[in-house]
J.: 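Before anything else, here's the structure in question.
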Amino acid sequence: MSHRRAGGLGTWRCLWDAPLWVAACGAMVLAALALAAVGGALQRAESVRRDTVPELARLAAETGLAATLAASPDAADATVAVGGVRVAVRRAPGGSFEVTSVVAGEGEFRFRCEELPGAAAPVFARASSAVDPGAARLVGRTRLVAREDLPQLDPVQLAGAPRGDRLAAFRADPGVALLSWQAGTDKPDFVFEPARSAELDAAGGLIVLPGHLWIPPGDQPIRLWLERDLTLVVQGNIYFARSLVVDGPGRLVCVARRANGEASFADRDANGSWSPGDGLRGVGAFVGPAEGAGSVYLGLPGSAGGSIGCDAGLVVDGELHVGRPAQVAGPLVLAHGATVTNPLGARLEPRFEWGFDVERERVRGFVTHGAPRPGILRRVASPGTDGQQALYLAGPAR
Amino acid sequence: MRWRTASQREWWVATIVLAASAATAWHLSHEAAHLDAVSVRRSEQLEHLSQLARSAAVTPVAVRALEGLFGEHDVVVAQAPWGPHLAVRERGQGGPP
């Protein structure tokens with residue numbers, strides 16, 4: 001044992017005899033540590049710089065576009081300098097703008113935006129809006145609004161919209177109402193055909209469904225894939241017996257609408273039909289189909305328990321009926337109020353996972369207000385920047 | 001100062017080499033930490049910019065936090081016919097962008 005200890009000491013002793021060698025090793029270790037720290041910092045700075053340059057290009061594009069439209073609202077092509085960024089604006093066919101920002105030393109960044117006729121109603125930027133103060137007791141985060149603040153459907157857009165009964169994404173189901181209501185319904189009933197939801201994207205952002213829409217009972221939520229925003233105007237009631245999940249980047253706004261010659265009512269006895277004790281909404285006397293129109297039911301008799309999730313935004317022309325605890329992901333707009341149809345009570349929580357930038361985004365199917373404007377600039381893949389990543393720092397990271 | 005032995009000279013040189021290396025490494029690490037602090041600040045500014053871009057209320061006070069994000073360009077609030085929006089202008093240039 002003592003022999004081995006002496007041998008070990010001898011090994012360390014040789015280091016004592018070669019201090020320059022030890023210093024060189026120490027210097028190398030310190031240099032490696034310093035280089036690792038600097039390299040890491042440069043890498044992080046480069047990552048931030050890569051995120052910063054497109055934002056500069058976007059703001060310059062926004063600035064150049066606004067300056068161009070302020071100088072000449074009908075300008076077709078223009079090039080302006082925004083600081084060190086050259087911005088080219090081109091009005092493309094189909095009511096859109098193409099904007100290219102050239103950042104010196106960084107390349108070209110392309111953006112595109114729609115030309116909007118005006119702003120959307122502010123209620124689409126809020127979690128929940130209602131006219132009836134009583135709605136706030138049942139629906140959390142509700143803001144009371146005046147009737148003139150409600151969004152108005154645009155008859156011209158509705159007249160040109162495709163009809164849902166002619167699309168394979170919807171299927172007429174004459175028996176679905178009998179699962180929940182003893183007397184069924186007078187108007188046609190439709191259900192989603194999720195396997196054909198691609199047709200929803202092809203419809204151009206607005207669909208009018210002449211009848212009721214059902215999300216029928218089932219174990220799993222109904223899932224739709226939407227690439228683009230869609231406004232679905234249901235000329236009848238919307239019945240949710242289970243959850244509706246919207247996958248993809250598109251946002252779905254469901255509108256329950258009451259036409260002339262139809263009535264909306266608060267279905268206090270929860271039988272799905274007009275009864276003398278029910279409260280009329282927006283009309284003086286009951287007319288039209290027995291089940292009314294323009295109302296939404298979240299939770300139905302005969303469907304399994306549990307809460308209902310709705311990934312869509314809802315615009316309710318008539319009354320909202322809450323039969324089960326429910327959550328709505330998009331904006332909720334109630335032209336009247338909300339009624340609980342469950343004797344044990346239920347409440348709706350607006351999750352408000354998404355809304356609209358009402359100044360710069362279009363909500364299809366609705367009337368706009370204010371001056372025409374460009375929509376939100378969206379980045380378009382550009383071969384000079386998006387296709388290639390810089391292999392070295394194009395400029396000092398500060 | 002006179003060195004008595006070669007071994008002593010070696011030790012002095014080694015000490016100087018180590019001290020210089022340590023000082024250089026400390027300086028570089030300090031610079032790296034400074035660079036990291038700038039990167040973190042710019043990341044936070046980018047996040048703030050992204051929130052501002054989604055916000056309906058764009059005010060000159062809100063864009064003050066973006067100072068220095070784009071180097072030679074300042075972020076400002078510009079007034080368009082449809083309302084206020086974020087814009088950039090070259091640093092030191094007054095008036096509307």
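These numbers were taken from a predicted model, which means no experiment stands behind them. Here is how names work: the chains are called A, B, and so on, in the same order as the sequence lines, proteins then strands, and each is numbered from 1.
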J.: Only counting residues at least two apart or in another chain, list the ones meeting salt bridge (charged side-chain N to carboxylate O under 4.0 Å, His left out) with A:Arg228.
T.: none
J.: Return the CG to CD distance between A:Asp51 and B:Gln45, rounded to the nearest 0.5 Å.
T.: 13.0 Å
J.: How many angstroms lie between CH2 in B:Trp26 and CG in A:Leu33, if you round to the nearest 0.5 Å?
T.: 16.0 Å
J.: Relative to chain B, which segment of A:Ala125 carries a heavy atom at a distance below 4.5 Å: side chain, backbone, both, or neither?
T.: neither
J.: Can you tell me how far CG of B:Leu49 sits from CD of A:Glu55, rounded to the nearest 0.5 angstrom?
T.: 5.5 Å
J.: Is it the side chain or the backbone of A:Pro122 that comes within 4.5 Å of chain B heavy atoms, both, or neither?
T.: neither
J.: Just jot down the ring pair (Phe, Tyr, Trp, His ring centres under 6.0 Å) partners of A:Phe366, sequence neighbours excluded, or say none.
T.: A:Phe124
J.: Please flag which part of A:Arg360 lies under 4.5 Å from any non-hydrogen atom of chain B: side chain, backbone, both or neither.
T.: side chain
J.: With chain B as the partner chain, list the residues of residues 81-89 of chain A whose heavy atoms fall under 4.5 Å from it, by residue number, and write 'none' if nothing qualifies.
T.: A:Val82, A:Gly83, A:Gly84, A:Val85
J.: By a 4.5 Å heavy-atom criterion (distance strictly below it), what part of A:Leu116 contacts chain B: side chain, backbone, both, or neither?
T.: neither
J.: Please check this pair: side chain of B:Ser29 against backbone of A:Ala34, looking for a donor-acceptor N/O pair closer than 3.5 Å.
T.: no
J.: Excluding sequence neighbours, so at least two apart, what forms ring pair (Phe, Tyr, Trp, His ring centres under 6.0 Å) with B:His27?
T.: none
J.: What distance separates B:Phe70 CZ from A:Leu59 CG, expressed to the nearest 0.5 Å?
T.: 5.0 Å
